Amino acid sequence: FAATSVFGKVYKSEMLTGKTTFVNFWFRNCAPCIAELKSLNQLYSDNKLNPNFLMISFTYEDDNTVKQFIEEYNIQYDIISLSRDECKRLNFSNGYPTNFIYDKNSRITFMKVGGSINERDVEKEFKELVLPALKKEISK
């Protein structure tokens, strides 16, 4: 893929090589997507200074909606707006939210589709499943 975030940063699939990359797919009216925002912000905040870490979020929402969403939920990580078809292609036609962890060789080592609408349940799931998987890849 090659895409530009809503704030103008260009991302290309080659950027994933050599980094542990967390990729998130979401859309505005997805309750489980909203429930995981706090956990996603925390994941990004905890790892953003690591030069071997990259986090990208994709949506099919338009740039104006994305900018409002970033402001409303204080999103700290970059979001890229793509077509529905491109989101579907990149997340292998899975539902939403979909989260992937790619290793430094750009191989998927973790995938999670869907989730709870309860923020506490999501935090627990991130703590028990997502963060250990991410830490394992970052430490390699």
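Fair warning: this is a prediction, and the values are worked out from it, not measured in the lab. Residues take their numbers from the sequence shown, with the count starting at 1.
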Qualifying disulfide (SG to SG under 2.5 Å) pairs with a residue from residues 47-86, counting only residues at least two apart or across chains
none
Nearest atoms (heavy-atom pairs only) where A31 meets I117:
CB-CG2, 3.5 Å
Quick one: closest heavy-atom pair of E61 and N29, and the distance?
OE2-N, 4.4 Å
Full working for side-chain contact (heavy atoms from CB on, under 4.5 Å) between E36 and N99:
CA-CA 11 Å; E36 71 179 22; N99 293 302; 3.3 Å; yes
Any donor and acceptor pair, going by atom type alone, linking the side chain of S45 with main-chain N or O of N41 inside 3.5 Å?
no
Which of K88, R89, R84 passes salt bridge (charged side-chain N to carboxylate O under 4.0 Å, His left out) with E86? Answer is R89
So if you build clusters from Ile, Leu, Val, Met, Phe, Trp, Tyr with side-chain heavy-atom gaps below 4.5 Å, do I101 and L90 land together?
no
Between L54 and the options T21, N47, T20, the side chain to side chain contact (heavy atoms under 4.5 Å, CB included) test singles out T21
With sequence neighbours left out, the residues meeting disulfide bond (SG atoms under 2.5 Å apart) with C30 are C33
Those residues that, when tested against Y60, pass ring pair (Phe, Tyr, Trp, His ring centres under 6.0 Å) (two or more places apart):
F27, Y96
Indicate if F25 and I79 have the same hydrophobic cluster label, given that clusters are the connected sets of ILVMFWY residues with side-chain heavy-atom separations under 4.5 angstrom.
no
When you measure from the side chain of D103 to the backbone of R107, do you find a donor-acceptor pair of N or O atoms at a distance under 3.5 Å?
yes
Given the rule that I, L, V, M, F, W and Y join up when any side-chain heavy atoms are under 4.5 Å apart, are L37 and V6 in one cluster?
yes
State the CG-CZ distance between L134 and F53, to the nearest 0.5 angstrom.
5.5 Å
CA sep, side-chain torsions, deciding dist, call: I80, L82, side-chain contact (heavy atoms from CB on, under 4.5 Å)
CA-CA 6 Å; I80 297 169; L82 301 171; 3.8 Å; yes
Within 6.0 Å of CD1 in I108, more than 12 heavy atoms from elsewhere
yes
Test side-chain hydrogen bond (donor to acceptor under 3.5 Å, both in side chains) applied to Y11 - qualifying residues, sequence neighbours left out
D78
Do M15 and F22 share a hydrophobic cluster, counting only Ile, Leu, Val, Met, Phe, Trp and Tyr and linking them when any side-chain heavy atoms are less than 4.5 Å apart?
no
In terms of side-chain heavy atoms, does D46 have a donor or acceptor partner in Q42 at a distance below 3.5 Å?
yes
Please answer: with hydrophobic residues joined when any side-chain heavy atoms are less than 4.5 Å apart, are L43 and V23 in the same cluster?
no
Report the hydrophobic cluster partners of V10, with the cluster defined as I, L, V, M, F, W, Y residues connected by side-chain heavy atoms closer than 4.5 angstrom, directly or transitively.
none
E128 side chain reached by K124 side chain, heavy atoms, under 4.5 Å
yes
Applying side chain to side chain contact (heavy atoms under 4.5 Å, CB included), name anything that partners E119, two or more places apart in sequence or on another chain.
K38, E123
Ring pair (Phe, Tyr, Trp, His ring centres under 6.0 Å) involving F69 - partner list, sequence neighbours excluded:
W26, Y73
Could you check whether T17 and S106, counting side-chain N and O atoms only, form a donor-acceptor pair closer than 3.5 Å?
yes
NZ of K140: more than 12 outside heavy atoms within 6.0 angstrom?
yes
Set out, in order, the CA-CA distance, both residues' side-chain angles and the distance that settles side-chain contact (heavy atoms from CB on, under 4.5 Å) for L16 and I56, then state yes or no.
CA-CA 10 Å; L16 279 62; I56 308 171; 4.3 Å; yes
Could you work out, with side-chain hydrogen bond (donor to acceptor under 3.5 Å, both in side chains) as the rule, every residue matching K104, not counting sequence neighbours?
none
Do K67 and T65 pass the side-chain contact (heavy atoms from CB on, under 4.5 Å) test, and can you show the C-alpha distance, the side-chain angles, and the key distance before you say yes or no?
CA-CA 5 Å; K67 288 176 183 175; T65 300; over 6 Å; no
Straight-line distance of F100 CZ to M111 CE, nearest 0.5 Å:
5.5 Å
Sequence neighbours excluded, every pair satisfying salt bridge (Lys or Arg N to Asp or Glu O under 4.0 Å) that has a member inside residues 5-30
R28-E72
So which atom in A133 and which in F110 form the shortest heavy-atom distance, rounded to 0.1 Å?
CB-CD1, 3.7 Å
Test of understanding: with ring pair (Phe, Tyr, Trp, His ring centres under 6.0 Å), list the residues that count as partners of F1, not counting sequence neighbours.
F58
Please confirm whether the backbone N or O of D121 pairs with a side-chain atom of S116, one donor and one acceptor, at under 3.5 Å?
no
Partners passing side-chain hydrogen bond (donor to acceptor under 3.5 Å, both in side chains) against N118 (at least two apart in sequence or in another chain):
none
Among residues at least two apart in sequence or on other chains, which ones pass side-chain hydrogen bond (donor to acceptor under 3.5 Å, both in side chains) with T4?
none
